[in-house]
Every structure is written in C-alpha cells, then in structure tokens.
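In this chain, residues are counted from 1 in sequence order.
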Amino acid sequence: MDKLKEAFAKKAASEAVNVKQFIAEHGDAVVGEYTVAQVYQGMRGMTGLVTETSKLDPEEGIRFRGYTIPELREKLPKAPGGSEPLPEGIFYLMLMGELPTQDDVNDLTNNWARRSIVPRHVFDTLDSLPANTHPMTEFSIGVMAMQTESLFAAAYKKGINKKDYWDYVYEDSMNLIARLPRVAAYIYRRKYKNNEHIEPDPKLDWAANLAHMLGFDVFDVQRLMRLYLTIHADHEGGNVSAHSTHLVGSALSDPYLAFAAGLNGLAGPLHGLANQEVVAWILELRKELGGGLPTKEQIAEYIKKTLAEGRVVPGYGHAVLRKTDPRFTAQQDFYKKYIKHDDLCEIVQMIYAVAPPILEGTGKIKNPWPNVDAHSGALLIHYGIVEYDFYTVLFGVSRALGVLSSLIWDRVLNSPIERPGSNTTEGLKKKFGAVKQK
Ligand code: HAX
C-alpha cells in the first residue's frame with residue numbers, strides 16, 4: 001500500500017464513523033427551506049450535497065479545507081526555486097484535510113510518475129478522431145478509452161464488499177490523475193504541433209511535466225502551470241463538473257465514467273469553456289476595432305453591444321460568488337508580479353475596470369464581477385500557448401484533483417445513489433393552489 005493510501009485509510013475509517021454518528025444524532029435537523037423559484041432556477045442556494053474538499057463563500061470566495069487561495073500560495077510546498085504551489089499539495093490537502101509537508105508532496109509526484117503510463121489504445125482512439133473534433137470532446141473520449149483500466153469496475157464484476165469500494169476508487173483516481181497530463185498533451189501535440197509528441201519526464205513534478213509534454217520547457221510556463229492547476233482544482237460540490245462527477249459516481253459508475261461526465265459538463269460555455277470564450281470574445285473585439293489596444297469607451301460599447309445581442313459577457317458572473325473571484329485575483333497578481341506588461345493582459349485589466357458597472361446596470365445580473373475564466377487565457381497566450389480552444393482541457397486536468405478526491409470520500413462515506421425528487425408545473429401549481437391559466 002502506498003504511503004498516502006495508508007495514511008488516508010486511517011483518516012477515512014475514523015471520519016466514516018464520525019459522519020455516521022453525526023447522521024444518527026442530527027439526521028432529523030432541518031438544513032433549510034426552499035422556494036418554488038429555486039426549484040425552477042437551478043436549485044440556487046439549496047444545500048443538497050456534502051463535499052468535504054472545499055467550501056465556497058459568496059463574499060470571500062473559495063476555501064480548500066479552510067484555506068484561502070492567498071494562504072495556499074504561501075503555505076503549500078513549492079518546487080525547488082519555485083514560487084507557486086505544487087498542485088500535488090492541494091490534492092493532498094483536499095484528500096487528507098491537512099497541509100502536506102515537502103516530503104508528502106515529493107512522494108505524490110513520484111507516486112503519480114509511477115502510475116503515468118497511458119495504454120497505447122488510448123492514443124489509437126484519439127488518432128481515429130476527425131481533425132475538427134473539439135479538444136474537450138477528445139479529452140472526454142480519451143478518459144473513456146482509459147476505462148478499460150478501471151480496477152473498480154473489474155473488482156465490482158468479481159464481487160467486492162461495500163467497505164472496500166473506496167480502495168478501488170482511490171486506485172482508479174490516482175491512476176487517472178497521473179495519466180491525464182499525458183492524454184492532454186497528446187491531444188495538444190496531435191492537433192497543433194504536427195502530431196509530434198514529447199515523452200514525459202518522470203523527474204518533473206506533475207505540472208512541470210505537463211508543460212514539458214506540451215512543448216514548453218521553460219521555468220515561466222512551469223510556474224504558471226503550477227498555479228493554474230492549483231487554482232482550478234475545486235469549487236465546492238454544486239458546480240456542473242463536480243456535481244456531474246458525484247452524481248454519476250453515485251450509481252457506482254467507476255471514476256473513469258464519472259470523471260468523463262464531469263468533463264462533459266466542464267465543456268459547456270457557461271462553465272469551463274468560458275475560458276476559451278473569453279479569448280474569442282476579446283479577439284473579436286480587437287478585430288472589430290481594427291487591432292491594437294482599445295480604449296475603455298470602446299470596450300464599454302462592445303460590452304453593451306454583446307448584451308444587446310442577447311449574449312453573455314464571458315468570464316463575468318457567477319452562480320454563487322458575489323465578488324471578484326479570488327482565482328481571478330491570483331492570476332492578476334501573477335501577471336503584475338512576473339509579466340508586468342502584455343497587451344492582452346492589459347485589456348483584461350481594462351475590462352475589469354469597465355464591465356462591472358455596466359453589468360450591474362442591467363439590474364438582473366447578480367454578480368457583475370470577473371470569475372476565474374476572465375484572466376487565464378491572456379496568461380497562456382503571453383507564454384505562447386495560443387490555441388485557445390484547448391484551454392478547457394487544462395482546466396479539466398486540474399479539476400480532476402478536486403472531483404476525484406471528492407469521489408474517494410463519497411465511497412468512504414458510503415454516499416447513496418443520488419435521486420432527488422421532481423414535480424411537474426401542474427403538480428406544483430396544485431400544491432400551492434395556483435389558478436390554472438388557459
Ligand atoms: N453576461 C450577460 N448576462 C449575464 C451574465 C453575463 N456575464 N451573467 C449573468 N447574466 C444574466 C443571465 O443570463 C440571466 O439572464 P436571464 O434572466 O435573461 O436568463 C440573468 O443575468 C441572471 O443570472 P444570474 O442569476 O446573475 O447568473 P446565473 O447564476 O444564472 O449564471 C453564470 C451564472 C456564470 C452562468 C452567468 O453569470 C454567465 O453566463 N456568465 C458568463 C459565462 C461564464 O463566465 N461562465 C463561467 C462561470 C465560472 C465557471 O464555472 N467557470 O468554469
């Protein structure tokens with residue numbers, strides 16, 4: 001048994017007892033009430049899930065096991081000479097509930113390197129896809145092709161005891177996380193770099209190895225990749241990618257099937273695909289204005305035009321947050337600290353100055369502030385990763401850390417199959433005595 005798994009097994013056993021006891025003692029306590037509007041409008045604000053790895057506060061932003069992003073940038077272990085946290089550290093924190101030591105993180109790097117071999121048939125599957133397949137579709141198909149490797153599915157077929165589910169889900173999740181950078185890089189190199197692939201370097205940490213396999217063996221890109229893969233990892237349980245992974249996993253679909261479902265949700269333009277949409281939107285704006293740096297007035301006009309066309313301003317708004325996303329702020333800080341000047345990043349800052357009052361002025365957008373996706377593309381483009389329809393794949397690599405550590409906890413806590421109730425409009429109207437409209 002690997003060192004992390006051994007430590008986790010102890011933690012998991014005691015926490016499973018704690019939770020059982022909590023449900024026994026407080027199972028009848030009322031969590032909250034909800035309204036007809038909430039039932040129709042995406043269940044906003046209804047607590048209907050338990051997610052141990054992180055918690056989102058509308059005003060403050062995300063905390064991973066109690067730690068904010070600025071705290072994690074300071075406290076999580078770094079690569080030698082590095083200044084941004086290693087994503088291995090946030091995975092450890094989310095899984096174990098405590099900050100890792102440098103040794104814990106180094107062990108995890110080695111653990112994932114040992115597990116990182118991707119079976120040949122996965123590449124063959126990707127090679128068979130038409131050139132115009134979207135990278136997120138390819139990524140999801142790549143994960144599905146790897147499902148042949150699921151130890152959970154194989155063990156379940158043989159017949160396993162419920163109490164051992166988490167063990168196989170842990171193994172699948174660790175293998176999957178270890179292999180995702182290779183699959184992502186394969187998609188990138190096949191699509192944009194003449195199908196010329198780069199072998200992994202097992203001496204590199206998880207994020208640096210991804211940068212290496214993409215073809216960017218420079219310190220600056222490694223540094224960005226470490227931050228990127230840390231801050232995109234998790235955003236509590238109700239977002240589409242986390243919830244889909246949890247939901248599909250609740251049917252005891254294995255981690256490959258569950259994570260592919262999460263990726264398919266992440267690929268939507270209102271969720272993870274917004275990172276590609278932001279760049280497309282800014283490039284469209286620049287093209288329309290004939291290139292160069294736009295003025296704030298021109299940006300304001302462009303935002304108004306986008307709204308008038310019934311489109312969303314990508315990178316702005318959030319279903320839970322009611323302030324600037326700290327993941328945006330972390331990237332803004334990265335820009336100011338390490339890059340200092342870049343035209344596209346400057347446009348991002350100008351949009352930040354101009355967009356919120358306009359969005360607020362509509363009177364209906366609940367959060368006029370930027371989210372994580374408003375900044376990420378500009379940083380990647382600065383370093384030469386310009387193929388923006390690939391960006392959501394990078395988000396997906398990172399998101400695996402959160403949703404898969406949650407999935408392991410789901411099996412530890414014996415979460416049942418998810419099955420909320422639904423009603424018809426007629427049923428609801430009847431319940432509340434509404435008059436039938438003809
Ligand atoms: N531009 C234009 N209109 C917007 C808007 C935006 N950025 N954000 C919200 N609205 C609109 C909604 O479409 C909705 O309009 P209707 O009443 O006409 O249907 C109205 O304002 C109220 O919406 P809301 O309650 O403020 O927001 P929701 O919780 O319904 O939606 C979204 C949250 C993130 C989906 C939304 O803000 C949006 O579409 N933003 C742009 C896309 C985006 O950046 N997505 C990424 C979000 C973060 C994330 O998941 N990253 O992966």
Step-by-step side-chain contact (heavy atoms from CB on, under 4.5 Å) determination, I62 to D234: CA-CA 9 Å; I62 190 73; D234 209 31; 5.9 Å; no

Please work out whether the ring planes of Y192 and F390 are parallel, tilted or perpendicular, with thresholds of 30° and 60°. perpendicular

Can you find a heavy atom in the side chain of N175 that is under 4.5 Å from one in the side chain of L151? yes

Does NZ in K20 sit with more than 12 non-hydrogen atoms of other residues, nucleotides or ligands closer than 6.0 Å? no

Report yes if some heavy atom in the side chain of H382 is under 4.5 Å from a heavy atom in the side chain of Y335; otherwise report no. no

Quick one, D333 with K336, criterion salt bridge (Lys or Arg N to Asp or Glu O under 4.0 Å). Give me CA distance, side-chain angles, the key distance, then yes/no. CA-CA 5 Å; D333 178 65; K336 289 181 177 161; over 6 Å; no

Which of R190, K193, R189, K191 passes salt bridge (charged side-chain N to carboxylate O under 4.0 Å, His left out) with E387? Answer is K193

Using modelled atom types and a 3.5 Å cut-off, is there a donor and acceptor pairing between side-chain atoms of E88 and backbone atoms of W206? yes

Is the backbone of S376 close enough, under 3.5 Å, to the side chain of Q331 for a donor and an acceptor to pair up by distance? yes

Distance-only, no hydrogens or angles: does the Y391 side chain make a donor-acceptor pair with backbone N or O of I385 under 3.5 Å? yes

So, does E149 use its side chain to make a donor-acceptor pair with the main chain of M146 at under 3.5 Å? no

Say whether D410 and Y165, considering side chains only, have a donor N or O and an acceptor N or O under 3.5 Å apart. no

Hey, is the main chain of F22 close enough, under 3.5 Å, to the side chain of H26 for a donor-acceptor pair? no

Say whether, by atom type as modelled, one donor and one acceptor occur between the side chain of Q102 and the main chain of K78 under 3.5 angstrom. yes

Quick one about D201 and H212 (side-chain donor to acceptor, distance below 3.5 Å, no hydrogens or angles considered), yes or no? no

Could you check T425 against Y40 for side chain to side chain donor-acceptor pair (under 3.5 Å), going step by step and ending with a plain yes or no? CA-CA 9 Å; T425 294; Y40 274 94; 2.5 Å; yes

Is F219 atom CZ crowded by more than 12 heavy atoms from other residues, nucleotides or ligands, each under 6.0 Å away? yes

Note: R115-E171 ion pair, threshold 4.0 Å (strictly below): yes

Indicate whether any N or O donor in one side chain lies under 3.5 Å from an N or O acceptor in the other, for D205 and T109. no

On the 0 to 90° scale, with breaks at 30° and 60°, tag the F334-Y383 ring pair as parallel, tilted or perpendicular. perpendicular

If every non-hydrogen atom of L428 is compared with every non-hydrogen atom of V39, which pair is closest and at what distance? CD1-CG1, 4.4 Å

When you look at W112 and N209, which way does the side-chain contact (heavy atoms from CB on, under 4.5 Å) test go after all the steps? CA-CA 11 Å; W112 287 346; N209 202 19; over 6 Å; no

Evaluate the side-chain proximity of L204 to Q222: yes if any heavy-atom separation is below 4.5 Å, no if none is. yes

In this structure, are over 12 heavy atoms from other groups packed under 6.0 Å from E25 atom CD? yes

Parallel, tilted or perpendicular: ring planes of F259 versus F139, cut at 30 and 60 degrees: perpendicular

Quick check: are there more than 12 heavy atoms from other residues, nucleotides or ligands sitting under 6.0 Å from CE of M46? yes

Would you say the rings of H235 and H318 are close, in the sense that their centroids are separated by under 6.0 Å? yes

Is T230 close to E84 at the side-chain level, that is, under 4.5 Å between some pair of heavy atoms? no

Between P130 and E138, the two heavy atoms sitting closest are O-OE2, 4.3 Å

Sorted by chain and residue number, the side-chain contact (heavy atoms from CB on, under 4.5 Å) partners of E74 (sequence neighbours excluded) come out as none

Using the ring of each side chain (for Trp, its six-membered ring), is Y170 parallel, tilted or perpendicular to W166, with breaks at 30° and 60°? perpendicular

Do V122 and Y186 come close enough that some side-chain heavy atom pair is under 4.5 Å? no

Taking T137's backbone N and O only, do any of them form a donor-acceptor pair with S140's side chain (distance below 3.5 Å, no angle check)? no

If we ignore angles and hydrogens, is there a donor and acceptor under 3.5 Å between the side chains of D104 and T101? yes

For the student: nearest non-hydrogen atoms of G377 and V279, plus distance: CA-CG2, 3.7 Å

Is it true that the side chains of Q349 and H375 contain a donor and an acceptor less than 3.5 Å apart? yes

Where do I282 and V348 come nearest, in terms of heavy atoms and distance? CD1-CG2, 4.1 Å

Side-chain donor/acceptor of S244 to backbone N/O of V240, under 3.5 Å: yes

Looking at Y168, I'd like to know if its OH atom is crowded, meaning that more than 12 non-hydrogen atoms belonging to other residues, nucleotides or ligands lie closer than 6.0 Å. no

Between N195 and H197, do the side chains contain an N or O donor and an N or O acceptor separated by less than 3.5 Å? yes

Please report whether the ring centroid of Y316 lies less than 6.0 Å from that of W281. no

Closest approach of L359 and P368, non-hydrogen atoms and distance? CD1-O, 3.7 Å

Could you grab the distance from atom CZ of F152 to atom OG of S253, nearest 0.5 Å is fine? 8.5 Å

Over all heavy atoms of both residues, which pair between T392 and L273 is shortest? Give the atoms and the distance, please. OG1-CA, 3.3 Å

Would you confirm whether S398, through its side chain, and L229, through its main-chain N or O, come within 3.5 Å as a donor-acceptor pair? yes

Under the criterion side-chain contact (heavy atoms from CB on, under 4.5 Å), I'd like the reasoning laid out for D373 against F395: C-alpha separation, chi angles, the key distance, then a yes or no. CA-CA 10 Å; D373 301 313; F395 194 155; 3.6 Å; yes

Could you check whether atom CZ of R120 has more than 12 heavy atoms from other residues, nucleotides or ligands sitting under 6.0 Å from it? yes

E199 and R182: side-chain contact (heavy atoms from CB on, under 4.5 Å), yes or no, with the steps? CA-CA 8 Å; E199 288 299 311; R182 178 81 166 110; 3.4 Å; yes

Any donor-acceptor pair under 3.5 Å linking the side-chain atoms of T53 with those of S406? yes

Does a side chain donor of either Q21 or N18 reach within less than 3.5 Å of an acceptor in the other side chain? no

Note, S54 side chain near R65 side chain (heavy atom, < 4.5 Å): no

Close side-chain approach of P58 to L321, heavy-atom, < 4.5 Å: no

Tell me if a side-chain donor or acceptor on R411 pairs with a main-chain N or O of G249 at a distance below 3.5 Å. yes

Neighbour count >12 (heavy atoms, 6.0 Å) for atom CD1, I160: yes

Considering only NZ, NE, NH1 and NH2 on the basic side and carboxylate oxygens on the acidic side, decide whether D167 and K5 come within less than 4.0 Å. yes

Might you confirm whether atom CD of Q38 has over 12 heavy atoms from other residues, nucleotides or ligands at distances under 6.0 Å? yes

Under a 4.5 Å cut-off applied to non-hydrogen side-chain atoms, are L394 and N275 in contact? no

Please list, chain by chain and in numerical order, all residues satisfying side-chain hydrogen bond (donor to acceptor under 3.5 Å, both in side chains) with R114, sequence neighbours excluded. none

